[in-house]
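We use all heavy atoms of the structure for the numbers below, so side chains are in, but hydrogens, waters and symmetry mates are not.
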Amino acid sequence: MAQSEQEILEGIAELVNEETGLPKESVEMDKSFTDDLDIDSLSMTSIVVQAEDKFGVKIPDEDTKNLKTVRDVVNYVQQAQG
């Protein structure tokens, strides 16, 4: 079942919080994972794997490099669920 943009955002915020300790409210749509949230590639890989499980989608490695902002992930998950 497809989730709303807000539900996906909240899920991503939860994953980022669990992986990095960043407050959930710091995870906003237009934040960059590397520049704004300072998430390294190892943590990002872990977040992607957890997101696949949480949202029931597959995110191939070649697509992962294009997921630079929170909005990119939200949009990707929405399209994959749709």
Side-chain angles (χ1 to χ4, degrees):
M1 182 176 132
Q3 294 173 290
S4 73
E5 184 176 271
Q6 186 62 35
E7 289 171 323
I8 297 168
L9 174 61
E10 289 170 5
I12 293 167
E14 192 174 291
L15 295 176
V16 168
N17 172 261
E18 290 169 5
E19 180 66 28
T20 67
L22 286 169
K24 292 177 191 175
E25 53 276 356
S26 70
V27 180
E28 299 170 1
M29 290 295 270
D30 292 317
K31 295 275 180 137
S32 161
F33 288 106
T34 53
D35 296 337
D36 298 321
L37 300 174
D38 198 29
I39 296 176
D40 62 35
S41 59
L42 184 60
S43 293
M44 191 63 200
T45 300
S46 178
I47 290 166
V48 167
V49 169
Q50 292 177 55
E52 288 178 322
D53 290 340
K54 183 173 194 78
F55 301 113
V57 298
K58 180 72 182 129
I59 306 172
D61 290 341
E62 61 270 13
D63 290 344
T64 302
K65 67 181 181 294
N66 298 321
L67 303 177
K68 302 197 181 305
T69 67
V70 175
R71 182 178 306 280
D72 292 341
V73 176
V74 169
N75 290 342
Y76 189 95
V77 169
Q78 278 189 311
Q79 289 175 352
Q81 287 181 340

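Using a 4.5 Å heavy-atom cutoff, the side chains of Val27 and Asn17 are not in contact. For the pair Leu37 and Val70, the minimum side-chain heavy-atom distance is below 4.5 Å.
Between the CD atom in Glu28 and the CZ atom in Arg71 there is a gap of 11.0 Å [rounded to 0.5 Å]. With values rounded to the nearest 0.5 angstrom, Asn75 atom CG is found 6.5 Å from Glu5 atom CD. From Glu62, atom CD reaches atom CG of Asn66 across 9.5 Å, with rounding to the nearest 0.5 Å. Atoms CD1 and CZ, on Ile12 and Phe33 in that order, are 6.0 Å from each other to the nearest 0.5 Å. The line from CD of Glu14 to CD of Glu10 is 9.0 Å long, rounded to the nearest 0.5 Å. One distance of note links OG of Ser32 with CG of Leu67; it measures 11.5 Å at 0.5 Å rounding.
Grouping the Ile, Leu, Val, Met, Phe, Trp and Tyr side chains by contacts below 4.5 angstrom, directly or via other members, places Val49 apart from Val77.
When all heavy atoms of Ile59 and Thr64 are compared, the pair lying nearest together is CG2-OG1, 3.7 Å. Here the closest heavy-atom approach between residue Leu22 and residue Ser26 is recorded as CB-OG, 3.9 Å. Looking at every heavy atom in both residues, Ala13 comes nearest to Lys24 through CB-O, 3.6 Å. Across every non-hydrogen atom of Ile39 and Thr34, the tightest pair is O-CG2, 3.7 Å. In plain terms, the two heavy atoms of Pro60 and Tyr76 that are nearest each other are CD-OH, 3.2 Å. Here the shortest heavy-atom pairing between Phe55 and Ile8 reads CZ-O, 3.7 Å.
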>> Using side-chain contact (heavy atoms from CB on, under 4.5 Å), reason through Thr69 and Asp30 one step at a time and then give a plain yes or no.
In response: CA-CA 6 Å; Thr69 67; Asp30 292 317; 5.9 Å; no

